[in-house]
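No experiment lies behind these values; they were computed from the predicted model shown. Basis for what follows: all heavy atoms, side chains included, without hydrogens, waters or symmetry-related copies.
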Amino acid sequence: MAVVVQKFGGSSVASPERREKVLHKVLALRAANTDIVVVVSAMGRQGDPYATDTLISLLKQAGTVDKRDLDIMMACGEIMSAAIMASTLRRAGIKTIALTGWQAGIVTDNTYGDARIITVETDYLKSLLATGVVPVVAGFQGASDGGEITTLGRGGSDTTAAAIGVALAAQCIEIYTDVEGIMTADPRIVPEARVLEALDYSEVFQMASQGSKVIHPRAVELAMQRNIPLIIKSTFSDAPGTTITNTVLYEQKRGKYVTAVAHITRVAQVMIETPGDDGSIEYDIFHRLADAGVSVDLINVSPDEKKFIITEDAADSASEALKDLGVDVTIRSGCAKISVIGAGMRGMPGVMAKVVAALREAQVRILQTSDSHLTISVLTDEQDLERATKALHRHFKLGTE
Ligand code: ASP
Ligand code: MG
């Protein structure tokens, strides 16, 4: 029988009323005679009693936190959610069982807080499905070979769903959330933003990496490897949502080469003047930052100047790592990285011209840029974020079908 993975995010499982909506999604799919694996996130958001952020604060209040303990603590949120969701389904007559990530066969490496899934041992899951059970799996977690409990990075329940979907060769992976799908821009910034019907894996991967909080990029990567459709939709409506596959360059077919605008805030630009550098300063800069564990992005290197961005949180470590370098280091906080994304822009003339025109009209200064086959990213002052995003959305006509 075909298998479908249904993943429900934190807001979908946060209250009894919401869990009833989840129950209805599971019942509707069961009526279609499909094997189902449910994956759940921890209940609610920061401030809710069992949300991941609440569990983290609880532990921090207690004393000095060790990252191994933190993973044990965080894993509890999804475990509770799985037990509660299984009880909800059972009440409606569904044969079900709650599973921790490791009981579901998720084997990871040992990187606490950001573990990678090495394999999914599916024997147990398959035996449950064969007897008509709907397993409810705690997302975001696994265990290493040595039995250490790990978590998969924030937002990692998506990764659990994708990994299980891939391992079971699922027909599709449904990611249920509180929005109707992936949108052309953040609707809190751009009111004209609309839900995209279909997208390419590579576009969604870029959107997730460039700050759209729709789905974890690792989940997209996994689904893409086996070409399993990912469907992002709302628990609270019957809207069709956004289908992600590798076969559609949907917007491009409609003559659009930009599909969406995404942004990342709280970044800082690092500018280092290095007149006549023979490569030795460049070597020092990037090795010192690497040793300090600072990740760099939007990297522009020339003999006379090095520019890149870091997260604002890393600014202190970066300035500490770069002191005594013998050159001027300027760190400009309060920046935003804004990206236009579209699989259709590859080789198209005029995309950058449009970006420049939109930002000029909105009187937004571009501090730096970078690009790939699918993206053009600009760095701006964070206070320009809203004006810039709206202007790009309008110039690329993303609000209209
Ligand atoms: N609960 C975890 C988090 O808040 C994982 C998830 O929701 O996907 O990051
Ligand atoms: Mg999420």
Quick check: does any side chain N or O of Lys95 sit under 3.5 Å from a backbone N or O of Thr131, one acting as donor and the other as acceptor? yes
Quick check: closest heavy atoms across Gly147 and Ala143, and the distance to 0.1 Å? C-CB, 4.4 Å
Evaluate Leu128 against Leu99 for side chain to side chain contact (heavy atoms under 4.5 Å, CB included), listing each step before the verdict. CA-CA 11 Å; Leu128 290 169; Leu99 299 177; 4.0 Å; yes
Any chance the side chains of Asp71 and Thr150 put a donor and an acceptor closer than 3.5 Å? no
Identified salt bridge (charged side-chain N to carboxylate O under 4.0 Å, His left out) partner of Glu361 from the options Arg387, Lys354, Arg394: Arg394
For a side chain to side chain contact (heavy atoms under 4.5 Å, CB included) check, start with the C-alpha distance between His263 and Ile189, then their side-chain angles and the critical distance, and finish with the verdict. CA-CA 11 Å; His263 64 267; Ile189 294 184; 3.4 Å; yes
Which of parallel (below 30°), tilted (30 to 60°) and perpendicular (above 60°) describes Phe286 and Phe308? tilted
Once rounded to the nearest 0.5 Å, what's the spacing between atom CZ of Arg18 and atom OG1 of Thr235? 8.5 Å
Flag side-chain contact, heavy atom, 4.5 Å: Arg218 against Arg116: yes
First locate atom CZ of Arg91, then atom CZ of Arg19, and finally report the distance between them rounded to the nearest 0.5 Å. 9.0 Å
Backbone N or O of Leu398 within a donor-acceptor pair of the Arg194 side chain at under 3.5 Å? yes
Does Ile309 offer a backbone N or O that forms a donor-acceptor pair with the side chain of Asp297 under 3.5 Å? no
Is any side-chain heavy atom of Ile94 less than 4.5 Å from a side-chain heavy atom of Leu23? yes
Any chance CG of Asp304 has more than 12 other-residue heavy atoms, nucleotides or ligands included, within less than 6.0 Å? yes
Heavy-atom distance under 4.5 Å between the side chains of Asp53 and Arg45, does that happen here? no
Any side-chain heavy-atom pair of Phe8 and Val26 under 4.5 Å: yes
Taking Asp384's backbone N and O only, do any of them form a donor-acceptor pair with Asp381's side chain (distance below 3.5 Å, no angle check)? no
Assess whether atom CG of Asp145 is packed by more than 12 heavy atoms of other residues, nucleotides or ligands within 6.0 Å. no
Side-chain (His395) to main-chain (Ala391) donor-acceptor, under 3.5 angstrom: no
Does any N or O in the side chain of Gln6 come within less than 3.5 Å of the main-chain N or O of Glu174, such that one atom is a donor and the other an acceptor? no
Below 4.0 angstrom, N of the basic side chain to O of the carboxylate: do Asp186 and Arg188 qualify? yes
Quick check for you: to the nearest 0.5 Å, what is the distance between Lys397 atom NZ and Thr184 atom OG1? 14.5 Å
How long is the gap from CD1 on Ile310 to OG on Ser319, to the nearest 0.5 Å? 8.0 Å
Tell me whether Lys67 is salt-bridged to Asp114, with the criterion being a basic N under 4.0 Å from an acidic carboxylate O. no
Can you find a pair of side-chain heavy atoms, one from Asp238 and one from Lys25, that are under 4.5 Å apart? yes
Indicate yes or no: at least one non-hydrogen side-chain atom of Met207 is less than 4.5 angstrom from one of Val220. no
On a heavy-atom basis, the closest approach of Arg154 and His216 is O-CD2, 3.2 Å
Should we count CG of Asp123 as having more than 12 external heavy atoms under 6.0 Å? no
Are the side chain of Ser212 and the backbone N or O of Val214 linked by a donor-acceptor pair below 3.5 Å? no
Thr100 and Gln141: side chain donor to acceptor below 3.5 Å: no
If you apply the rule side chain to side chain contact (heavy atoms under 4.5 Å, CB included), what do you find for Ile173 with Lys7, and how did you get there? CA-CA 8 Å; Ile173 300 158; Lys7 182 256 168 178; 5.6 Å; no
Is it true that the side chains of Gln210 and Lys337 contain a donor and an acceptor less than 3.5 Å apart? yes
Trace of the side chain to side chain contact (heavy atoms under 4.5 Å, CB included) decision for Thr88 with Glu20: CA-CA 8 Å; Thr88 308; Glu20 282 308 298; 4.1 Å; yes
OH of Tyr50: more than 12 outside heavy atoms within 6.0 angstrom? no
Okay, side chain of Arg288, backbone of Lys323: is any donor-acceptor separation there less than 3.5 Å? yes
Thr274-Lys306 side chain donor-acceptor pair, cut-off 3.5 Å: yes
Taking the side chain as every heavy atom from C-beta outward, state whether Val137 and Val37 have any atom pair closer than 4.5 Å. yes
Looking at every heavy atom in both Trp102 and Ile79, which two are closest together, and how far apart are they? CH2-CD1, 3.8 Å
More than 12 heavy atoms of other residues, nucleotides or ligands under 6.0 Å from CD of Glu221: is that the case? yes
Which pair of heavy atoms, one from Ala185 and one from Ala193, lies closest together, and at what distance? O-CB, 3.4 Å
Taking Phe140's backbone N and O only, do any of them form a donor-acceptor pair with Glu78's side chain (distance below 3.5 Å, no angle check)? no
Gap separating the CG atom of Asp158 from the CD1 atom of Ile215, nearest 0.5 angstrom: 5.0 Å
Lys390 vs Glu386 side-chain heavy atoms within contact, under 4.5 Å: yes
Nearest heavy-atom pair of Ser157 and Val40: which atoms, and what distance? OG-O, 3.8 Å
Shortest non-hydrogen pair, Ser81 vs Met43, comes out as OG-CG, 3.8 Å
Distance, nearest 0.5 Å, that separates OG of Ser333 from CG of Asp313: 10.0 Å
Just by distance, do the side chain of Thr375 and the backbone of Ser377 share a donor-acceptor pair under 3.5 Å? no
